[in-house]
Undergrad: 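Quick one: the structure is below, and I'll ask about it shortly.
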Amino acid sequence: MPEIFEKTKCLIIGSGPAGYTAAIYAARADMKPVLYQGIQPGGQLTITTEIENFPGYPNGISGIEMMEDLKKQAERFGADIRWGSVVKVDFSKRPFVIHTDDNKIIHADSVIIATGASAKWLGIPSENKFSGYGVSACAVCDGFFYKGKVVAVVGGGDTAAEEATYLSKLCKKVYLVHRRDELRASKAMQNKVLNTANIEVIWNNLPQEIVGTEEEFTKAVTGIILKNTKTGKESKLDIDGVFIAIGHNPNSELFVGQIELHDNGYIKTEPGSTKTSVEGVFAAGDIQDYYYRQAITAAGSGCMAAIEAERLLSSEK
Ligand code: NDP
């Protein structure tokens, strides 16, 4: 298939709240942005159940619906939203050169990276089966559904400690299941966990299976099978939900060697800005934020990226 050459003022990579918000702002600024949605159109929010903490939705909204609305809003102002992925970028000179999986070579005056991060999963089949029905990777998003209930958090890092602490304020009991006998989390977070009455750490244990009822309308988690990593002994813990908090992977492979990344793989941006180490390339949302990781903060940084891109191009006219 012959390659097709195109040119755009603003190319946006990724379709979560950061990418779509950037598209809304860039389109309204007459930059005629082109957005590639990537392999998971709508991003991480499309795999959560209900979003109840995004301002403006008093009754909550499903992640899929919200992403569809954001997409339509961007299209209303002329954003060119495309199904497909970027497969290669060259940021060595401007215009930047972007290769896509639909055989296009796009010359872009500015690029906004909003490829997000993906939660790591344990990789056991039952995790997938109960995803959204008692298995979650975000306590702030889904914790509310477990008010007064018993839950488990899997992991031993800062995210797990933070999720457990957050859930302890909502839930009757929180088990923190960790595969070793020592937490990786910072001392301050460890102290919080160990000094919270309704958090119990289950050391040296790894989940083997998540169990529950599987009927269509009553699908729910009821327990988790654990295996002691020292003794090999299996046990069952009765719980209503499980939060997997074993880390996230930033979707930054495409940009290795092109822009500066932190040691943990997230893109470096200037403090208080979405500017990356390459002038004209901006990063918004979870790909550059491993602290807040919320839809609303991602949307806010998407807006910042579009404004910064527009101001840069205007200043160069
Ligand atoms: P981490 O990589 O720090 O921790 C992951 C945890 O999950 C580890 O305890 C690890 O166990 C465990 N784990 C990994 N894979 C598996 C598996 N397959 N089965 C069972 N357990 C597993 O990730 P985090 O998301 O916690 O943190 C990422 C970064 O973000 C860190 O730098 C952290 O400090 C930072 N962060 C900071 C926060 C803050 O400052 N408020 C909040 C959240 C994150 P093991 O220890 O045995 O390797």
Side-chain angles (χ1 to χ4, degrees), residues 44 47-48 53 115-128 130-131 135-143 151-169 174-196 199-210 221 223-237 239 241-253 260-269 271 283 285-298 301:
Q44 285 189 88
I47 54 162
T48 61
N53 53 7
T115 47
S118 308
K120 286 187 199 161
W121 297 96
L122 293 165
I124 51 180
S126 45
E127 184 180 48
N128 223 353
F130 290 107
S131 175
V135 175
S136 167
C138 177
V140 178
C141 319
D142 298 328
V151 297
V153 174
V154 181
D158 277 321
T159 303
E162 211 166 64
E163 304 261 282
T165 308
Y166 179 86
L167 289 165
S168 69
K169 297 181 187 119
V174 179
Y175 293 103
L176 181 63
V177 178
H178 183 37
R179 62 184 176 185
R180 291 189 294 133
D181 57 5
E182 192 187 0
L183 295 173
R184 179 182 292 277
S186 60
K187 275 281 171 282
M189 287 307 297
Q190 289 195 30
N191 288 341
K192 262 193 195 165
V193 164
L194 300 173
N195 292 313
T196 301
I199 301 180
E200 181 182 332
V201 184
I202 301 189
W203 304 102
N204 300 317
N205 268 277
L206 252 182
Q208 300 300 296
E209 241 14 287
I210 295 158
V221 165
I224 187 165
I225 311 291
L226 301 176
K227 186 173 185 176
N228 191 299
T229 52
K230 292 244 155 91
T231 63
K233 201 174 152 230
E234 287 203 355
S235 59
K236 181 174 174 244
L237 196 62
I239 50 164
V242 56
F243 291 81
I244 312 298
I246 60 173
H248 283 77
N249 289 321
N251 300 318
S252 60
E253 308 79 34
E260 279 182 31
L261 306 178
H262 290 285
D263 290 344
N264 59 9
Y266 286 80
I267 293 177
K268 275 191 188 171
T269 49
D286 286 12
I287 188 64
Q288 50 86 53
D289 167 26
Y290 47 90
Y291 186 75
Y292 298 107
R293 296 181 174 139
Q294 298 302 300
I296 186 69
T297 47
S301 67

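Order of appearance sets the numbers: ligands from 1, and atoms from 1 within every ligand. The shown structure was predicted, so the numbers you read here are calculated from the model rather than taken from an experiment.
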Undergrad: Starting from atom 36 (N) of ligand 1, locate the nearest protein heavy atom and write down its residue, its atom name and how far away it is, to 0.1 Å.
TA: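 The protein heavy atom lying closest is D158 CB, 3.7 Å.
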Undergrad: Would you indicate which of R293, E162, M189 comes nearest to atom 28 (C) of ligand 1 when only heavy atoms are counted?
TA: R293
Undergrad: Does any donor atom in the side chain of S136 or D142 lie under 3.5 Å from an acceptor atom in the other side chain?
TA: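 A donor-acceptor contact under 3.5 Å links the two side chains.
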Undergrad: Considering only the protein, which heavy-atom contact is closest to atom 22 (C) of ligand 1, and what is its distance?
TA: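 That would be I246 CG2, 3.4 Å.
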Undergrad: Is there a polar contact, in the sense of an N or O pair closer than 3.5 Å, between K120 and ligand 1?
TA: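 The answer is no, given that K120 and ligand 1 share no N or O pair closer than 3.5 Å.
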Undergrad: Do E209 and I224 come within less than 4.5 Å of each other through their side chains, counting heavy atoms only?
TA: no
Undergrad: Looking only at protein heavy atoms, which one is nearest to atom 23 (O) of ligand 1, and how far off is it?
TA: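 Residue, atom and distance for the closest contact: G247 CA, 3.7 Å.
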Undergrad: Look at the aromatic rings of Y266 and Y290 and report parallel, tilted or perpendicular, splitting at 30° and 60°.
TA: tilted
Undergrad: Please confirm whether R184 comes within less than 3.5 Å of ligand 1 when only nitrogen or oxygen atoms on both sides are compared.
TA: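 N/O-N/O distance under 3.5 Å: yes.
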Undergrad: Side chains of S235 and N228: closer than 4.5 Å at any heavy-atom pair?
TA: no
Undergrad: Answer yes if a protein heavy atom lies under 4.0 Å from atom 32 (O) of ligand 1, otherwise answer no.
TA: no
Undergrad: My understanding is that only residues two or more places apart in sequence, or in another chain, count here; which of them pass side-chain contact (heavy atoms from CB on, under 4.5 Å) with A139?
TA: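 Checked A139 against side-chain contact (heavy atoms from CB on, under 4.5 Å); matches are E163, Y166, L167, F243.
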Undergrad: Heavy atoms only: which of H262, R179, E163 is nearest to atom 11 (O) of ligand 1?
TA: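 The residue whose heavy atom sits nearest atom 11 (O) of ligand 1 is R179.
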Undergrad: Any protein heavy atom under 4.0 Å from atom 16 (C) of ligand 1?
TA: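 It does: a protein heavy atom is found less than 4.0 Å away from atom 16 (C) of ligand 1.
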Undergrad: Check this for me - ligand 1, A160, N or O atoms closer than 3.5 angstrom, yes or no?
TA: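 Such a contact does not occur with ligand 1.
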Undergrad: Please indicate whether any nitrogen or oxygen in T159 is less than 3.5 Å from any nitrogen or oxygen in ligand 1.
TA: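 Yes.
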Undergrad: Is the shortest N/O to N/O distance between G157 and ligand 1 below 3.5 Å?
TA: yes
Undergrad: Does any part of the side chain of Y175, heavy atoms only, come nearer than 4.5 Å to the side chain of L237, both counted from C-beta?
TA: yes
Undergrad: Considering only heavy atoms, which of N264, L206, N205, L183 lies nearest to atom 20 (C) of ligand 1?
TA: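 That would be L206.
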Undergrad: With distance as the sole test, does N204 use its side chain to make a donor-acceptor pair with the main-chain N or O of D181 at under 3.5 Å?
TA: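 Confirmed, N204 side chain pairs with D181 backbone.
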Undergrad: When you look at Q288 and H262, which way does the side chain to side chain contact (heavy atoms under 4.5 Å, CB included) test go after all the steps?
TA: CA-CA 9 Å; Q288 50 86 53; H262 290 285; over 6 Å; no
Undergrad: Provide, to 0.1 Å, the distance between atom 40 (O) of ligand 1 and the closest protein heavy atom, together with that atom's residue and name.
TA: Y291 CE1, 4.0 Å
Undergrad: Among all protein non-hydrogen atoms, which one is nearest to atom 30 (O) of ligand 1, and what is the separation to 0.1 Å?
TA: Y290 CD1, 4.1 Å
Undergrad: Considering heavy atoms of the protein only, find what lies nearest to atom 9 (O) of ligand 1 and give residue, atom and distance to 0.1 Å.
TA: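 It is G156 N, 3.0 Å.
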Undergrad: Are the side chains of H178 and N205 in touch, meaning some heavy atoms are under 4.5 Å apart?
TA: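 Counting from C-beta outward, H178 and N205 never come under 4.5 Å.
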Undergrad: Could you tell me whether D158 and R184 have a side-chain N and a carboxylate O separated by less than 4.0 Å?
TA: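 Salt bridge between D158 and R184, a charged N being under 4.0 Å from a carboxylate O: no.
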Undergrad: Taking C-beta and beyond as the side chain, do K120 and H248 meet within less than 4.5 Å on heavy atoms?
TA: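 No, every pair of side-chain atoms sits at 4.5 Å or beyond.
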Undergrad: Report the nearest protein non-hydrogen atom to atom 47 (O) of ligand 1: residue, atom name, distance rounded to 0.1 Å.
TA: R180 NE, 2.7 Å
